[in-house]
**Q** 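Here's a structure for you.
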Amino acid sequence: EAGVTQFPSHSVIEKGQTVTLRCDPISGHDNLYWYRRVMGKEIKFLLHFVKESKQDESGMPNNRFLAERTGGTYSTLKVQPAELEDSGVYFCASSQDQARPSDTQYFGPGTRLTVL
Amino acid sequence: QKEVEQNSGPLSVPEGAIASLNCTYSDRGSQSFFWYRQYSGKSPELIMFIYSNGDKEDGRFTAQLNKASQYVSLLIRDSQPSDSATYLCAVTGSARQLTFGSGTQLTVLP
């Protein structure tokens with residue numbers, strides 16, 4: 001079974017440019033999460049999809065970030081325009097059944113974003 | 001006060017010893033508790049989860065949860081050099097997102 005995949009693995013852009021990150025969850029997982037780790041800080045939650053619906057986007061830092069999950073499969077996270085403080089590693093995770101306390105989130109390899 | 005606190009380490013133990021990793025959390029409504037292992041430059045990998053008070057064992061790993069003290073720990077028996085990594089404590093509540101600690105860096109010395 002394929003795990004969570006993310007693309008690209010690295011992205012280097014200049015301030016003011018736009019970047020789109022993609023996440024493909026494990027097949028059959030309705031729950032998809034985006035997290036971010038900025039330098040020296042802990043991993044922070046950004047948002048949670050259940051199928052194609054945004055369940056919780058309380059962690060999104062500002063309106064420069066837009067996440068979509070059309071069709072309830074893969075998800076994209078767009079940053080427009082990118083700022084220096086957006087640099088970090090963006091992780092995607094998926095899980096099967098959020099109703100169970102033991103529901104496990106499986107993480108993708110992450111996208112390392114550098115904004116110059 | 002951070003929501004999930006861990007000793008950042010680094011923690012060094014000799015091969016074959018027991019490594020003890022600790023975590024405290026501030027939200028009494030937290031329901032499930034997870035230990036992830038993260039090798040440098042890699043994604044977090046689940047080691048164990050626990051949601052009932054007491055101990056839970058899986059091979060060389062034992063997770064311990066004390067909700068009254070808001071404390072969760074991970075013991076690694078017979079530590080191996082391959083266990084050297086950053087260990088992340090994470091909790092969830094009614095909202096299912098993980099809240100992470102900053103991680104404890106463990107080094108197992110051959």
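A, B, ... follow the sequence lines: proteins, then strands. Residue 1 opens every chain. Computed from heavy atoms alone, side chains included, the values below leave out hydrogens, waters and symmetry copies.
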**Q** Determine whether B/Leu98 and A/Gln105 satisfy the following criterion, side-chain contact (heavy atoms from CB on, under 4.5 Å), listing intermediate values before the conclusion.
**A** CA-CA 9 Å; B/Leu98 293 163; A/Gln105 295 182 31; 3.5 Å; yes

**Q** Is A/Leu84 reachable from A/Val19 through a run of I, L, V, M, F, W or Y residues, each pair having side-chain heavy atoms under 4.5 Å apart?
**A**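 Result: yes, single cluster for both.
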
**Q** Is there a side-chain contact between A/Arg37 and B/Gln38 in this structure, where contact means two heavy atoms from C-beta onward sitting under 4.5 Å apart?
**A**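 A side-chain contact under 4.5 Å exists here.
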
**Q** In terms of heavy-atom proximity below 4.5 Å to chain A, should B/Tyr36 be classed as side chain, backbone, both, or neither?
**A**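 Contact with chain A: side chain only.
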
**Q** Do A/Val89 and A/Trp34 share a hydrophobic cluster (ILVMFWY, side-chain heavy atoms under 4.5 Å, transitive)?
**A**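 Hydrophobic grouping puts A/Val89 apart from A/Trp34.
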
**Q** Would you say A/Phe49 ends up clustered with A/Val4 if hydrophobic residues are merged whenever their side chains have heavy atoms under 4.5 Å apart, either directly or through other cluster members?
**A**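 Looking at the clustering, A/Phe49 is in a separate group from A/Val4.
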
**Q** Please classify the contact of B/Leu88 with chain A as side chain, backbone, both or neither, using a heavy-atom distance under 4.5 Å.
**A**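 Side chain of B/Leu88 only, per the 4.5 Å heavy-atom cut-off to chain A.
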
**Q** Please rank B/Pro44, B/Gly41, B/Ser32 by heavy-atom pairs under 4.5 Å with chain A and give me the top one.
**A**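 Result: the option with the highest number of such pairs is B/Pro44.
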
**Q** Quick check: are there more than 12 heavy atoms from other residues, nucleotides or ligands sitting under 6.0 Å from CD1 of B/Ile18?
**A**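 No, not enclosed.
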
**Q** Say you draw a straight line from OG1 of B/Thr99 to CZ of A/Phe45; how long is it, rounded to the nearest 0.5 Å?
**A**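 Going from the OG1 atom of B/Thr99 to the CZ atom of A/Phe45 covers 9.0 Å.
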
**Q** If you count heavy atoms of other groups shown closer than 6.0 angstrom to NZ of A/Lys78, is the number above 12?
**A**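 12 or below, so no.
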
**Q** If you take all heavy atoms of A/Phe91 and B/Ser43, which pair is closest and at what distance?
**A**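 The pair with the smallest heavy-atom distance is CE2-CA, 3.9 Å.
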
**Q** For A/Tyr74, look at atom OH and say whether over 12 heavy atoms of other residues, nucleotides or ligands are found less than 6.0 Å away.
**A**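 No, the 6.0 Å shell around OH holds no more than 12 heavy atoms from other groups.
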
**Q** Work out which heavy atom in B/Phe49 is nearest to a heavy atom in A/Thr104; give both atom names and the distance.
**A**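 Smallest interatomic distance, heavy atoms only, reads CD2-OG1, 4.2 Å.
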
**Q** Please report the interatomic distance NZ(A/Lys44) to CD(B/Gln97), rounded to the nearest 0.5 Å.
**A**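 With rounding to 0.5 Å, NZ (A/Lys44) is 11.0 Å from CD (B/Gln97).
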
**Q** Check the surroundings of atom NZ in A/Lys41: do more than 12 heavy atoms from other residues, nucleotides or ligands lie under 6.0 Å from it?
**A**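 No, NZ of A/Lys41 has 12 or fewer neighbouring heavy atoms, counting only those of other groups under 6.0 Å.
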
